[in-house]
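Shown next, in structure tokens, is the structure this report addresses.
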Amino acid sequence: MQGLTRLPAAGLLYRPSPAPAKCALPTGTRVATCTSERRLTSCRAGDVEYDEGSQSQADMERFERVAAALVAKLPMAMNWDEEGEDDEAEDEGDEANGQHGGLLPFGATSQQATAEQARRKPATQAATSEEEELEGFAVGSASRKPKQLAMSALPKVAIVGRPNVGKSCLFNRIAGASLSVVFDEPGITRDRLYTRAFWGDKEFVLVDTGGLTSAADHLPADQKAAMLRSVNAAGLPDAIERQAAAGVAESDVVVLLADGKEGLQKGDYEVLSWLRQNSPKKPVLLAVNKCDNAGRSDLAIAEFWELGLEPQPISAINGFGTGDLMDALVKLLPPPRDTSLQDAEPPLTVAIVGRPNVGKSSLLNAMCGEERVIVCDLSGTTRDAVDTEVTLPDGKRLKLIDTAGIRKKTKVADSKDGAEQLSVDRALRAIRRAEVVVAVIDAGDGITQQDFRLTELAAAEGRAVVVVVNKWDKVNKDVVVEETYIMDVRGQLRHVNWAEVVCTTASKARRVGQVVEAVVAAGEQHRRRVNTATLNLVLKEATAWKSPPTQRTGGRKGRIYYATQAGISPPTFVFFVNDPKLIGDDYKRYMERALRDNVGLSGTPIRLIWRGKPENERGSVRVQQPDIGNPYAATFAGGSAAPRRPAAFKAAVGKPGTDTAGAEAWGSKGPTPSKAPTPSPSKKPSPKAPSMSKGSPTRKAAVKGPPAGPPSRAGPPSRTTKRQS
């Protein structure tokens with residue numbers, strides 16, 4: 001390894017240039033290099049001069065850090081030993097033993113092979129362990145799944161405060177997405193929301209909570225009326241406070257948010273005293289929101305010093321001061337509880353949708369086993385799309401999304417609740433980002449038009465569907481039979497008749513296990529992949545029972561060559577046929593039923609794509625009107641492909657005495673000229689044509705025409721054929 005120099009602490013090799021190199025840089029340009037023995041100091045118009053002097057200690061340390069970073073990022077790019085001479089010695093030893101490239105010599109015995117395998121085994125195990133150790137840092141490994149810390153191991157930050165101070169707006173600002181509903185009215189946020197957030201190299205979980213207020217008397221007159229209109233059910237304010245208390249109890253840092261426009265209020269004192277009584281050891285950051293004017297922010301926060309905390313002026317709507325708040329926040333965050341990485345494979349996302357007040361939140365609480373969201377008799381209690389991760393006993397993970405009730409568009413447009421439209425939009429977005437949709441139906445009301453539209457929307461989006469008939473305890477069992485009711489539901493929801501139907505009572509947690517099993521089974525079928533061999537066996541049997549239809553006009557018959565699966569979620573199958581127009585809708589439905597009966601795929605929609613041959617490979621040509629002067633025009637009028645021109649016709653076109661008018665009228669695909677070629681002058685002239693009088697037999701034959709029958713496929717007449725007399 002002569003001429004190679006090794007960088008310190010890195011093992012990287014480079015070869016110094018034997019002579020000054022040419023450079024086109026302007027005079028006096030400073031250029032940084034990564035060599036440890038030569039430093040590029042100056043550049044003249046022509047050659048590059050190197051300074052052979054000693055290098056500074058700062059440059060040496062910088063080079064060592066760069067080299068160590070390269071080795072950490074690219075561990076498998078260069079696999080040299082600590083000493084280059086060891087490689088040469090090892091290569092020379094292998095050549096001396098007759099081993100070239102790790103191969104045994106020709107004619108080696110089994111004992112020699114066993115000994116060589118035992119000699120190489122420790123080195124192989126060491127290399128394997130090294131690869132496993134550097135697995136998380138390897139570059140370009142697309143097959144490996146990204147890893148991240150578990151959400152339960154990250155520190156949590158809760159945002160609390162009075163109603164309508166901008167907690168949800170700050171939550172969306174830090175998260176970098178519009179996750180929580182923001183509306184200029186108190187009492188919008190009711191359930192607590194969770195999301196991952198980053199600031200610098202710190203990762204944490206951000207928690208959004210509802211407004212804390214024990215009584216609406218402390219609010220201004222306009223906010224008090226809006227609060228009473230929004231929260232007018234018994235026990236709902238207490239439920240909101242319980243949700244906020246649960247978010248504070250599991251958090252590590254609390255951000256107390258106040259309103260800078262309204263100033264210091266009595267409710268701010270109450271929230272802070274409540275925090276000091278229930279969580280005295282948790283650090284609290286005071287942030288004063290709605291300080292949109294940066295020049296007057298100091299005056300806006302002056303009175304908040306009475307709380308005994310340092311106020312941070314921010315504006316969640318335009319981002320002013322949020323950077324300083326996050327810098328102060330990350331200093332208070334504890335380290336993660338568990339630093340072990342887990343696969344970032346997303347859990348099965350399940351969206352629970354339905355009309356208002358059908359029991360969606362009760363079903364989510366029953367599946368979680370705790371009071372995760374607020375349950376109230378008031379219609380429209382849930383506002384946000386609340387995500388909740390659940391781990392089943394068998395280790396499978398589910399992400400349950402509780403959504404707001406979806407009413408008809410006309411009712412939403414006429415509603416006085418301005419936040420309802422935003423809530424419905426969050427619910428529709430939850431359907432699009434979910435894999436399985438649980439459609440909750442009220443057993444007392446039966447199937448309504450809105451239920452039909454929601455399930456139809458889920459099927460059109462390609463989502464697996466599970467129909468849950470809730471409030472089954474209110475049905476008279478003496479009159480209604482469960483099997484008959486389920487068949488009636490599938491008959492009315494005909495577009496999702498493949499979905500599983502489960503009757504349950506969510507408020508009493510009855511048959512919730514069956515709902516979870518149906519959801520997991522539908523998710524597995526939604527991600528299922530069927531191999532091509534099994535698929536074509538089903539296709540062969542289905543076509544044997546019922547062949548593709550035949551076109552009435554033209555007599556063309558559809559043909560299915562083979563099928564394959566092109567994708568999952570939902571399962572998508574591609575059928576290769578001769579012409580997709582020949583496959584009718586009834587036969588497509590028959591093929592879908594054959595797939596479900598033989599393969600399964602229950603609970604998920606399937607998509608069938610019918611792909612035909614290209615237009616130039618189908619054999620169909622554009623047919624013109626037959627030319628009277630062309631004796632073979634009627635032969636190809638039926639739509640079949642015209643044969644190629646004979647060589648005799650190609651040679652005759654353009655020569656004297658050849659009539660090409662018929663060929664020009666026929667086009668580029670005309671097989672023969674419209675008239676027979678003129679006889680050669682050397683031959684005897686034809687005898688005089690017979691008389692065409694009225695009673696002559698020739699006249700009768702000419703009027704009668706050729707005999708009826710299928711068109712002849714014979715080629716054009718030879719040039720030596722004489723003209724018909």
Side-chain angles (χ1 to χ4, degrees), residues 163-164 166 168-169 172 178-191 193 210-211 216 219-237 239-240 317 351-364 373-386 401-434 437-461 467-468 470-471 492-493 495:
N164 202 31
S168 298
C169 189
N172 294 339
S178 180
L179 302 178
S180 181
V181 175
V182 177
F183 195 73
D184 191 11
E185 185 177 305
I188 296 299
T189 304
R190 297 170 181 176
D191 302 297
L193 305 178
L219 298 176
D222 54 346
Q223 293 188 12
K224 178 180 178 180
M227 186 73 178
L228 293 177
R229 184 174 61 252
S230 177
V231 184
N232 56 1
L236 188 55
I240 296 176
I317 196 171
I352 305 175
V353 300
R355 297 181 294 110
N357 203 23
V358 294
K360 301 181 295 296
S361 300
S362 300
L363 180 61
L364 185 138
V373 292
I374 297 176
V375 177
C376 184
D377 295 336
L378 176 66
S379 179
T381 302
T382 304
R383 296 298 186 106
D384 297 282
V386 184
I401 307 176
D402 186 21
T403 61
I406 304 176
R407 299 195 298 170
K408 294 183 179 180
K409 291 183 178 179
T410 55
K411 293 184 178 181
V412 174
D414 298 339
S415 176
K416 297 181 180 180
D417 188 1
E420 184 177 1
Q421 187 173 0
L422 300 176
S423 302
V424 171
D425 180 66
R426 297 294 196 283
L428 296 178
R429 279 163 44 180
I431 294 177
R432 299 186 185 97
R433 63 189 178 98
V437 174
V438 177
V440 184
I441 298 172
D442 194 337
D445 299 339
I447 304 298
T448 62
Q449 186 180 8
Q450 188 67 6
D451 297 329
F452 183 89
R453 291 180 177 177
L454 290 178
T455 53
E456 186 181 21
L457 175 62
E461 293 288 342
V467 180
V468 175
N470 195 20
K471 304 180 183 180
Q492 296 186 45
L493 303 178
H495 51 279

Would you give the length of the straight line joining atom [atom1] of [X] to atom [atom2] of [Y], rounded to the nearest 0.5 angstrom?
{"X": "Gln492", "Y": "Gln449", "atom1": "CD", "atom2": "CD", "answer": "12.0 Å"}
{"X": "Asn470", "Y": "Asp445", "atom1": "CG", "atom2": "CG", "answer": "11.5 Å"}
{"X": "Arg190", "Y": "Arg383", "atom1": "CZ", "atom2": "CZ", "answer": "4.5 Å"}
{"X": "Thr403", "Y": "Asp384", "atom1": "OG1", "atom2": "CG", "answer": "11.5 Å"}
{"X": "Lys411", "Y": "Ile406", "atom1": "NZ", "atom2": "CD1", "answer": "14.0 Å"}
{"X": "Arg426", "Y": "Leu179", "atom1": "CZ", "atom2": "CG", "answer": "8.0 Å"}

Does a side-chain heavy-atom distance below 4.5 Å link [X] with [Y]?
{"X": "Leu193", "Y": "Val386", "value": "yes"}
{"X": "Arg407", "Y": "Gln450", "value": "no"}
{"X": "Ile441", "Y": "Leu493", "value": "yes"}
{"X": "Ser180", "Y": "Thr189", "value": "yes"}
{"X": "Val437", "Y": "Leu457", "value": "no"}

>> Before you tell me yes or no, could you show the steps for Ser361 and Asp402 under side-chain hydrogen bond (donor to acceptor under 3.5 Å, both in side chains), namely the whole-Å CA-CA distance, both residues' side-chain angles and the distance that decides it to 0.1 Å?
In response: CA-CA 6 Å; Ser361 300; Asp402 186 21; 2.8 Å; yes
>> One pair to check against side chain to side chain contact (heavy atoms under 4.5 Å, CB included): Leu363 and Ile352. What are the steps and the verdict?
In response: CA-CA 8 Å; Leu363 180 61; Ile352 305 175; 4.3 Å; yes
> Going through the checks in order, is the side chain to side chain contact (heavy atoms under 4.5 Å, CB included) test met by Asp451 and Arg355?
Replying inline: CA-CA 7 Å; Asp451 297 329; Arg355 297 181 294 110; 3.3 Å; yes
> Can you check side chain to side chain contact (heavy atoms under 4.5 Å, CB included) on Ile374 and Thr382, steps first, answer last?
Replying inline: CA-CA 7 Å; Ile374 297 176; Thr382 304; over 6 Å; no
>> Using the rule given for side chain to side chain contact (heavy atoms under 4.5 Å, CB included), can you reason through Ile401 versus Arg433, listing the C-alpha separation, both sets of side-chain angles and the distance that settles it, and then say yes or no?
In response: CA-CA 10 Å; Ile401 307 176; Arg433 63 189 178 98; 3.7 Å; yes
Shortest non-hydrogen contact from [X] to [Y]?
{"X": "Ala430", "Y": "Ala351", "result": "O-CB, 3.8 Å"}
{"X": "Ser362", "Y": "Val375", "result": "OG-CG1, 3.4 Å"}
{"X": "Val412", "Y": "Glu420", "result": "CG2-OE2, 3.8 Å"}
{"X": "Phe183", "Y": "Leu422", "result": "CD1-CD1, 4.1 Å"}
{"X": "Cys376", "Y": "Thr381", "result": "CB-OG1, 3.6 Å"}

